[in-house]
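Below you'll find the structure, written out as structure tokens, and then a few comments.
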Amino acid sequence: MARRKTLRIATFNVNGIRPRLPHLLEWLEKEKPDVACLQELKATDAQFPKEAIEAAGYGALWVGQTSWNGVAVLTRDAEPVESRRRLPGERDDTQARYLEVAAHGVMVGCIYLPNGNPQPGPKFDYKLRWFKRLIRHAKTLVDSEHPVLLAGDFNVVPTDFDIYNPKHWRRDALLQPETREAYATLLAQGWTDTLRELYPDEPMFTFWDYFRQHWERDAGLRIDHLLPNPALWPRVRAAGVDRWVRGLEKASDHAPTWIDLDR
DNA sequence: ATGGCTATATTCTATAGA
């Protein structure tokens, strides 16, 4: 197909790259993102389906782990260049949640922020520690004259407008004041929450859990975010959610979310 | 307050996700 005039960068929590590979390939074929950040691979490095992704026309870098977590960045007709594969600041953190690459001229940080449930507790403490490390690292990137994008599953519902019904989730780690304050602190460095900025009056959900027919009822959450730095923000032209992917049989509970940039 | 569903490894039961 003819190349899109804009550069599309997407984020997609696949909830298991092995069971979701057919959906991933169908999505890449139909939407042709230039860069795709993936989370929740739930696969080791050796289990990553490198050949199928290459055959689809994508280069890839990935950080795998047994059973849980795992992140990857795919680049269309190009190879991503690794910048870092861990978030600095906690030496014995072995969870595969961050991958930073140069891709199509943009520095992209692929993020899988800890869920943090149940809270309070050690998992919530880990989430807040991880968030602080992200904030510290992001500070070194935000003022770059080069374009930088933070993209991924942040496990943050930024405001009550970003969820179908906050009452049902008020004790959830994704809605806690500490979680929201950390996200606000990150944005205050100069990052822009693109989907909310372009769509101030629409919820723009990116996640619908598997329970109680939440997808069928459009009872979703907005937790997957794309945050350009000030150098990149002027190039943003559009953003959206590929909801059709969530509607497929045996879908991930997240939908791919993307932004288009001037090339 | 709980459970509803999906995926994984610890596999017929537990853990994690959000």
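In the text below, chain A, chain B and the rest are named by the order of the sequence lines, each starting its count at 1.
Residues A:Asp242 and A:Trp258 have side chains that bring a donor and an acceptor to within less than 3.5 angstrom of each other.
Rounded to whole angstrom, the span from the NZ atom of A:Lys250 across to the C1' atom of B:dT6 amounts to 7 Å. Going from atom CZ of A:Arg246 over to atom C1' of B:dT6 covers 10 Å, rounded to whole Å.
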*What pattern of brackets, bars and dots sums up DNA chain B from 5' to 3', given Watson-Crick or G-U wobble pairs under 3.5 Å, [ ] for crossing pairs and | for another strand?*
....(((((...))))).

*Protein-to-nucleotide contact annotation, 5' to 3' order, nucleotides 9-18 of chain B [B base; S sugar-phosphate only; - none; under 4.0 Å, heavy atom]*: SB----BSSB

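Of the side-chain N and O atoms in A:Arg20, none sit less than 4.0 angstrom from OP1 or OP2 of B:dT6.
With sequence neighbours excluded, the residues that form a ring pair (Phe, Tyr, Trp, His ring centres under 6.0 Å) with A:Phe207 are A:His254. Under the ring pair (Phe, Tyr, Trp, His ring centres under 6.0 Å) criterion, A:Trp215 pairs with A:Trp208, sequence neighbours left out. Residues satisfying the side-chain contact (heavy atoms from CB on, under 4.5 Å) criterion with A:Tyr164, sequence neighbours excluded, are A:His168, A:Trp169, A:Phe205, A:His214, A:Ala219, A:Leu221. Not counting sequence neighbours, the partners of A:Tyr98 by the ring pair (Phe, Tyr, Trp, His ring centres under 6.0 Å) test are A:His137.
Comparing B:dA14 with B:dG4, their P atoms sit 15 Å apart, to the nearest whole Å. With C1' as the reference atom, B:dT10 and B:dA16 are 13 Å apart, rounded to whole Å. Across the P atoms, B:dC5 and B:dA1 are found 22 Å apart, a figure rounded to whole Å.
For the pair A:Lys30 and A:Trp244, the cation-pi test (distance below 6.0 Å, angle within 45°) is passed.
The 5' end of DNA chain B is approached more closely, in terms of each residue's nearest nucleotide, by A:Arg171 than by the other of A:Ile17 and A:Arg171. Nearest-nucleotide assignment on DNA chain B puts the 5′-proximal partner with A:His168, out of A:Leu41 and A:His168.
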